Amino acid sequence: MAPFYGYIMSLKGKKIIVAVTGSIAAYKTPHFVRLLVKAGAEVQVLVTAAATQFVSGLSLATVSGRAVLADVADGSTWNNHVALGLWADAMVIAPCSANTLGKLAHGLCDNIVCAVYLSARCPVWVAPAMDEDMWKHASTRANVARIQEYGNRLIPTEHGELASGLVGEGRMAEPETMAALLEAHFAQAGELRGINAVVTAGPTYERIDPVRFIGNFSTGKMGVALAEALAARGAAVTLVAGPGVQATTAAGIATVRTESAQDMYHAVMAVEKDASVLILAAAVADYRPDEVAMHKIKKHEGEMSLTLTRTTDILGSLGKIKRPGQTLVGFALETNNELENAGKKLTGKHADMIVLNSLQDAGAGFGHDTNKVTLLRHNAAPVALPLQSKKEVATAIVNHIIMMRNEQADN
Ligand code: CTP
């Protein structure tokens, strides 16, 4: 599961109803509310009578910054549940007791939580919390299945110590886990629709003669994952792929195949003008043979040397012509003085962000399906992401790009 970032702003301005019912797990709900509010959401808390035996309305009102509603007749009118059902972008019932689960499954409506639930037009998440035997009871199983059939989303319970003193299944998910689900839900909203993006991926091959080249071990997996993550958010992506990069069938991605650094440079320059987001994830050769032999070079006695010449720095070239509204992201693969070297690339190449890959981390770098990166930006502390799948890393990078672009738009 994706971690909760808290700073990617997909929750900013979102209207969320948090409904609390009678379970000891309610002690975690103020923290959950606090995470949502800190991430920019507006939170309206609802409580059942039983909930207030476990958590105080005052705590919930303080962390949410709004009066807690406990009754359908709260507020100025009796029909606040209808207005709330229309107001919310999301509703989360956390914790959801066995009793409330049963009511939701059968359409009962004897309190404000059930009334708002029945009126809600937004997605509803249900986070059950109960002792293991209750959780495993056939009637609970049937109720869980039924509320999911109705289109509600279940936040899976966790295994661990229960309030009864037993250890087992039935604990409410942690607040960070629940917040991450909402964050990811709102992040998938197509924020990059109408935007063109360019991603470079994979190695380059610099020919020595018709049968040999200078290359590297890059597979292009990270670049492909980035192209897919951008396309998933609605961007029209041009993937400029080096040799051997796996094809992607994801919608919204046009792939241009290239071989050498020079090919890649021309392919990028052909599309950069229309692009608002450019991510240079390819492992581009810094040098190429000065001359490419027309015929296969034959071996002979003694040593042999090749004269190499610098290739064009694609990222550096884009940095020089960067225009307002373009977000330029580069990668740095470092083995020592990582932060310092990556920081030099950030300023030297006029990038907006450098994704630092350290080969010192197990499971990171070429060929792996996982990666561990640190994101460097101007005037911001480096953000070290955990070891995650390349897909998750790509989503996190794209989240940061969206956040940066939102910040720029706000300024
Ligand atoms: N890059 C590029 N064109 C090149 C070389 C690199 O676009 N000809 C991009 C890469 O895609 C990556 C970043 O620049 O985004 C990496 O910077 P670079 O200075 O090439 O890193 P290293 O090759 O690791 O360089 P150094 O030898 O300076 O560490």
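It should be emphasised that the depicted structure is a prediction, and the values quoted were computed from it without experimental measurement. When a residue number appears, it is its place in the shown sequence, counting from 1. Start at 1 and go down the list; that is how both ligands and their atoms are numbered.
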Item to complete: Taking side-chain contact (heavy atoms from CB on, under 4.5 Å) as the test, write out the residues that go with Lys322, two or more places apart.
Response: Gln326, Leu328, Asp352

Worksheet entry | Residues that Phe213 engages under ring-ring contact (aromatic ring centres under 6.0 Å, His included), provided they are two or more places apart | Tyr205

Fill in: Residue list, ring-ring contact (aromatic ring centres under 6.0 Å, His included) with Trp135, at least two apart or on another chain
none

Worksheet item: Ion pair present between Glu161 and Arg171, side-chain N to carboxylate O less than 4.0 angstrom?
Response: no

Worksheet item: Thinking salt bridges, do Arg212 and Glu206 make one under a 4.0 Å N-O criterion?
Response: no

Discussion item. What does the 4.0 Å heavy-atom contact list look like for ligand 1?
Written reply: Leu280, Ala282, Val284, Ala285, Asp286, Thr311, Thr312, Asp313, Ile314, Leu315, Gly330, Phe331, Leu333, Lys345, Lys349

Item to complete: Run the numbers on Val20 and Leu46 for side chain to side chain contact (heavy atoms under 4.5 Å, CB included), then give the verdict.
Response: CA-CA 6 Å; Val20 194; Leu46 313 177; over 6 Å; no

